[in-house]
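Side chains are part of it too, since the values below use all heavy atoms of this structure and drop only hydrogens, waters and symmetry mates.
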Amino acid sequence: MKRWISVIAAVATLSIGVVLAQNVMKAPPMAPYVNVSKALKGALPNFIPGLGTLYVDAKNLPEGPFLAYDKSGRLVKVVFMVPLENLGKKSYVDIGTAALKGLGVNAKIDHVNIIPSGAHPGVDKPHVHFELVLVSLEQEKKVLEGDPY
């Protein structure tokens with residue numbers, strides 16, 4: 001009997017992981033992720049060309065990860081917005097693999113964009129976008145309607 005309970009618990013745990021991965025791969029992701037545009041009361045548009053529709057867990061601000069979706073609700077990239085002042089003070093070892101694994105994302109990273117950015121609503125200091133992109137560059141530009149942000 002105990003063995004069956006263990007088997008059922010293991011199957012339930014795996015099922016929850018699959019559900020979480022499916023929910024992250026399609027927008028909107030489950031709580032605690034919130035739509036950045038709504039959280040900032042419209043200070044940013046809901047869809048940013050080159051970046052997509054962003055969701056973030058507020059406890060992870062300002063760095064993220066931010067989940068970036070195309071207009072069909074498909075996860076296109078996972079973005080970190082690292083303040084410049086943190087780059088010399090904090091290590092970022094295996095940030096991508098750990099984040100994707102923690103989110104339940106089993107898709108492979110096609111490429112990485114590293115883009116400097118000034119302050120904007122939600123991130124009030126100059127920072128760098130580290131974008132882990134799950135689709136080709138051509139597909140990224142097409143579905144996000146512009147060059148990487």
Side-chain angles (χ1 to χ4, degrees), residues 10-149:
V11 168
T13 301
L14 289 172
S15 298
I16 290 168
V18 169
V19 168
L20 288 175
Q22 290 171 341
N23 284 332
V24 170
M25 296 304 289
K26 284 296 274 180
M30 294 182 350
Y33 282 85
V34 296
N35 180 292
V36 171
S37 177
K38 289 179 184 171
L40 296 175
K41 297 180 174 43
L44 288 175
N46 188 52
F47 183 88
I48 302 166
L51 197 52
T53 300
L54 297 176
Y55 289 82
V56 70
D57 178 349
K59 78 175 191 292
N60 294 328
L61 291 173
E63 293 182 358
F66 292 80
L67 305 176
Y69 295 90
D70 64 16
K71 286 185 175 176
S72 71
R74 184 177 65 144
L75 182 66
V76 175
K77 54 187 164 184
V78 176
V79 180
F80 296 88
M81 299 185 189
V82 179
L84 291 176
E85 64 187 30
N86 289 1
L87 287 176
K89 299 177 186 172
K90 187 175 173 184
S91 293
Y92 295 91
V93 177
D94 200 23
I95 187 173
T97 305
L100 294 179
K101 187 176 181 180
L103 290 167
V105 175
N106 57 8
K108 293 188 179 200
I109 298 168
D110 182 87
H111 63 279
V112 176
N113 300 326
I114 301 172
I115 302 169
S117 179
H120 56 68
V123 184
D124 61 356
K125 297 179 179 176
H127 58 283
V128 177
H129 289 198
F130 292 92
E131 302 179 347
L132 310 177
V133 188
L134 308 176
V135 298
S136 70
L137 179 59
E138 295 77 23
Q139 188 69 10
E140 177 187 10
K141 289 179 179 183
K142 179 180 176 184
V143 299
L144 297 181
E145 301 176 3
D147 287 329
Y149 182 81

**OP:** Kindly compute the distance separating NZ (Lys141) from CD (Glu138), expressed to the nearest 0.5 Å.
**Re:** 7.0 Å
Subject >> Full working for side chain to side chain contact (heavy atoms under 4.5 Å, CB included) between His111 and Glu140 >> reply: CA-CA 10 Å; His111 63 279; Glu140 177 187 10; 2.7 Å; yes
Original post:
What is the ring orientation for Tyr149 with His129, classed by angle as parallel under 30°, tilted 30 to 60°, or perpendicular over 60°?
Top reply: tilted
Original post:
Quick one: does NZ or CZ of Lys26 land under 6.0 Å from the six-membered ring centre of Tyr69, within 45 degrees of the ring axis?
Top reply: no
Subject >> Contact summary for Asp57 and Pro32, nearest pair of heavy atoms >> reply: OD2-CG, 3.2 Å
**OP:** To the nearest 0.5 angstrom, please state how far the CG atom of Asp110 sits from the CG atom of Leu132.
**Re:** 11.5 Å
Original post:
Any idea which heavy atoms bring Asn113 and Pro148 closest together, and the distance?
Top reply: ND2-CB, 3.5 Å
**OP:** Please examine the side chains of Leu103 and Tyr33, heavy atoms only from C-beta on, and report whether any two atoms are closer than 4.5 Å.
**Re:** yes
Original post:
Looking at Val143 and Val76, what are the two nearest heavy atoms and their distance?
Top reply: CG2-CG2, 3.9 Å
Original post:
Any sub-3.5 Å donor-acceptor pair from His120's side-chain atoms to Lys125's backbone N or O?
Top reply: no
Original post:
Does the ring centre of Phe80 sit less than 6.0 Å away from the ring centre of Phe66?
Top reply: no
Original post:
Do you know which two heavy atoms are closest between Leu144 and Asp70, and how far apart they sit?
Top reply: CD2-CA, 3.9 Å
Subject >> Side-chain touch Leu134/Val105, heavy atoms, less than 4.5 angstrom >> reply: yes
**OP:** Kindly determine whether Gln139 and Val133 satisfy side chain to side chain contact (heavy atoms under 4.5 Å, CB included), including the steps that lead there.
**Re:** CA-CA 10 Å; Gln139 188 69 10; Val133 188; over 6 Å; no
Original post:
With a 4.5 Å limit on heavy-atom distance, are the side chains of Thr53 and Lys71 in contact?
Top reply: no
Subject >> Stepwise side chain to side chain contact (heavy atoms under 4.5 Å, CB included) check, Tyr55 with Val24 >> reply: CA-CA 10 Å; Tyr55 289 82; Val24 170; over 6 Å; no
**OP:** Grab the two heavy atoms, one from Gly50 and one from Lys77, that are nearest each other, plus how far apart they are.
**Re:** O-NZ, 2.9 Å
Original post:
If we only count heavy atoms from C-beta on, is the Val79 to Leu51 side-chain gap below 4.5 Å?
Top reply: yes
Original post:
If you round to the nearest 0.5 Å, how far is CG of Asp124 from CG of Leu61?
Top reply: 10.5 Å
Original post:
Would a 4.5 Å heavy-atom cut-off, applied to side chains only, mark Val56 and Leu67 as touching?
Top reply: no
Subject >> Check ion pair Lys90-Glu85 (N to O, under 4.0 angstrom) >> reply: no
Original post:
Is there side-chain contact between Asn86 and Tyr92, with at least one heavy-atom pair below 4.5 Å?
Top reply: yes
Original post:
Judged by atom type as modelled, is there a donor-acceptor pair below 3.5 Å linking the side chain of Ser117 to the main-chain atoms of Val128?
Top reply: no
Subject >> Heavy-atom closest pair, residues Ser37 and Leu44 >> reply: OG-O, 2.8 Å
**OP:** Would you indicate whether the side-chain heavy atoms of Met81 and Leu54 approach each other to under 4.5 Å?
**Re:** yes
Original post:
Are Val82 and His127 side-chain neighbours, meaning at least one heavy-atom pair lies under 4.5 Å?
Top reply: no
